[in-house]
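All residue numbers refer to positions in the sequence shown, counting from 1. Because only heavy atoms are used, hydrogens play no part in the values below, and waters and symmetry mates are left out as well, while side chains stay in.
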Amino acid sequence: MEQEKIIYYYPMQERNAKKGRAYAAKRRWFQEAELDAQNADEITAKPREFEVIGCVIPPFYYRNKVWKPQVLSEAMERVPRRVEGMTDTWLHPQIAALLTAEYEGRFATRRETVQMVTAQIVRQYAAQTIGACGEAVVLLGAPADTDLQMDMTRELLLPYLPRINRLLIFYEEIAETDIWMELGSHLDEYYYEYGLVPQLEPYVTSYGAGTADICAGLQHVTEGQAENAVGIQERHYILKCGKPRCSGMILDYSRQFRYPKIMPESKAVYIDIVSEAEKECLLGRKTPWIPYISPLKYLDTIVKSGYDS
């Protein structure tokens, strides 16, 4: 089977300007802007199921002309045409911002690609921890995506289930919804195939205001709160994982940081599947001894070895 190639679009680093690197895309006045693409595997030479093609985006597309979303989109769309084989694309958040919502969707990463990269991360960074701890924790995200998240979780855990004796799954409660009925079809396989009964735990709501961690929470106000609050225009709440301790491999599908309870002596690897950079900062403040890994950070690390070449 042909190896898939991931074209990772990332911004040019400022330090390269000091080394005389061109700060604009290649082109002449009569040409369209062209972007450089480099096979990062030729640099890192590490085996994996996919190849990474790094495509650096300079700040300008011609001299001092800042990228227009349409011009940048057209230049990026020409890159896959020069790459042989099956390709998918992955955007750094700064590049997505340059494209704006109008053009960003053209480069949406397929779910299968996200799962493939995450599986590589699990093999490379979490397999040893799973074997030592025998534990896995899943932080589910938006309830509307629960089925997709549970399907991906099963695929990611499949090679390690014989070594897992504790599977803890956190979920967001929905009124009048029986979570065991909702997840029944997903949970049966764990029990019948491996004798494993997953532990389901709802997120708990914690209210607060003015704390440094509120940036990771959601703003929320109700009519009742507005009537009872004196001098407070809005209230904040954050969803936390509650009292159960978390260790081993932690798979996080949530857009917000859920504050998992990780004891100081625990061994854990935190894998942020949605690649929200803010979580790395929050996790570092809460549990600095726990490594944070995400697909975006993983791809970024691969191409960084070529930044200074």
4.5 Å side-chain heavy-atom contact, L140 and M150: yes

Rounded to the nearest 0.5 Å, how far does CD1 of I174 lie from OG1 of T146? 6.5 Å

With clusters defined by side-chain heavy atoms of hydrophobic residues (ILVMFWY) lying less than 4.5 Å apart, directly or transitively, does V138 cluster with V197? no

Same hydrophobic cluster for V137 and V204, using side-chain heavy-atom links shorter than 4.5 Å among ILVMFWY? no

What's the verdict on side chain to side chain contact (heavy atoms under 4.5 Å, CB included) for H92 and D300, showing C-alpha distance, side-chain angles and the deciding distance? CA-CA 8 Å; H92 188 282; D300 211 45; 4.1 Å; yes

Are the side chains of N39 and K5 in contact, using a 4.5 Å heavy-atom criterion? no

Does I95 reach the side chain of W90, with side-chain heavy atoms less than 4.5 Å apart? no

Identify whether NZ of Lys or CZ of Arg in R258 sits under 6.0 Å from the centre of the six-membered ring of F170 and within 45° of that ring's axis. no

Checking Q124 against Y298 for the side-chain hydrogen bond (donor to acceptor under 3.5 Å, both in side chains) test, could you report, in this order, the C-alpha distance in whole Å, the side-chain angles of both residues, the deciding distance, and whether it holds? CA-CA 11 Å; Q124 190 167 333; Y298 179 71; 3.1 Å; yes

Considering only heavy atoms from C-beta outward, does the side chain of Y61 approach that of L72 to under 4.5 Å? no

Output the distance between atom OG1 (T87) and atom CZ (R82), rounded to the nearest 0.5 Å. 12.0 Å

Parallel, tilted or perpendicular: which describes the rings of F257 and Y270, with under 30° parallel and over 60° perpendicular? tilted

Any side-chain heavy atom of I130 within less than 4.5 Å of one from I164? yes

With a 4.5 Å cut-off on side-chain heavy-atom distances among I, L, V, M, F, W and Y, is there a chain of contacts connecting L158 to L183? yes

Should M181 and Y191 be counted in the same cluster of Ile, Leu, Val, Met, Phe, Trp and Tyr side chains packed under 4.5 Å apart? no

Apply side chain to side chain contact (heavy atoms under 4.5 Å, CB included) to E193 and list each qualifying residue two or more places apart in sequence or on a separate chain. E189

Is any side-chain heavy atom of L156 less than 4.5 Å from a side-chain heavy atom of M249? no

Minimum heavy-atom separation for A37 and V79, please, with both atom names. CB-CG1, 3.9 Å

Among pairs that include at least one residue of residues 97-110, which meet side chain to side chain donor-acceptor pair (under 3.5 Å), considering only residues two or more places apart or in two chains? E4-R110, S73-R106, E77-R106

For the atom pair CD (Q149) and CG (D147), what is the distance rounded to the nearest 0.5 Å? 9.0 Å

Testing the basics here: between V274 and S254, what is the closest heavy-atom pair and its distance to 0.1 Å? CG2-O, 3.1 Å

Taking all atoms of both residues into account, what is the closest heavy-atom pair of R166 and P244, and its distance? NH2-CB, 4.5 Å

Any chance you could measure I169, atom CD1, to H186, atom NE2, to the nearest 0.5 Å? 9.5 Å

Nearest-0.5 Å distance, OG1 of residue T118 to CZ of residue R123: 10.5 Å

So for atom CD, which belongs to Q199, do other residues, nucleotides or ligands contribute more than 12 heavy atoms lying within a distance under 6.0 Å? yes

With rounding to the nearest 0.5 angstrom, report the CG to OG1 distance, L148 to T153. 10.5 Å

Looking at every non-hydrogen atom in both residues, tell me the closest pair between C133 and G248 and how far apart they are. CB-CA, 4.1 Å

Are side-chain heavy atoms of F107 and I7 found at a separation under 4.5 Å? no

Side-chain heavy atoms of I57 within contact of M76, under 4.5 Å: yes

Please name the pair of heavy atoms, one in A127 and one in R163, separated by the smallest distance, quoted to 0.1 Å. O-NH1, 3.8 Å

What orientation do Y10 and Y8 show, parallel under 30°, tilted 30 to 60°, or perpendicular over 60°? parallel

Worked check of side chain to side chain contact (heavy atoms under 4.5 Å, CB included) between M152 and Y253: CA-CA 10 Å; M152 183 181 294; Y253 291 93; 3.6 Å; yes

Where do S247 and R245 come nearest, in terms of heavy atoms and distance? OG-NH1, 3.2 Å

Trace of the side chain to side chain contact (heavy atoms under 4.5 Å, CB included) decision for D272 with L283: CA-CA 11 Å; D272 177 19; L283 184 74; over 6 Å; no

Between D151 and R154 (salt bridge meaning N to carboxylate O under 4.0 Å), is one present in this structure? yes

Please evaluate residues Y259 and C241 with respect to the criterion side chain to side chain contact (heavy atoms under 4.5 Å, CB included), reporting the C-alpha separation (whole Å), side-chain torsions for both, the decisive distance (0.1 Å), and the verdict. CA-CA 6 Å; Y259 301 84; C241 293; 5.9 Å; no

With the 4.5 Å side-chain cut-off for hydrophobic clustering, are Y194 and Y192 part of the same group? no

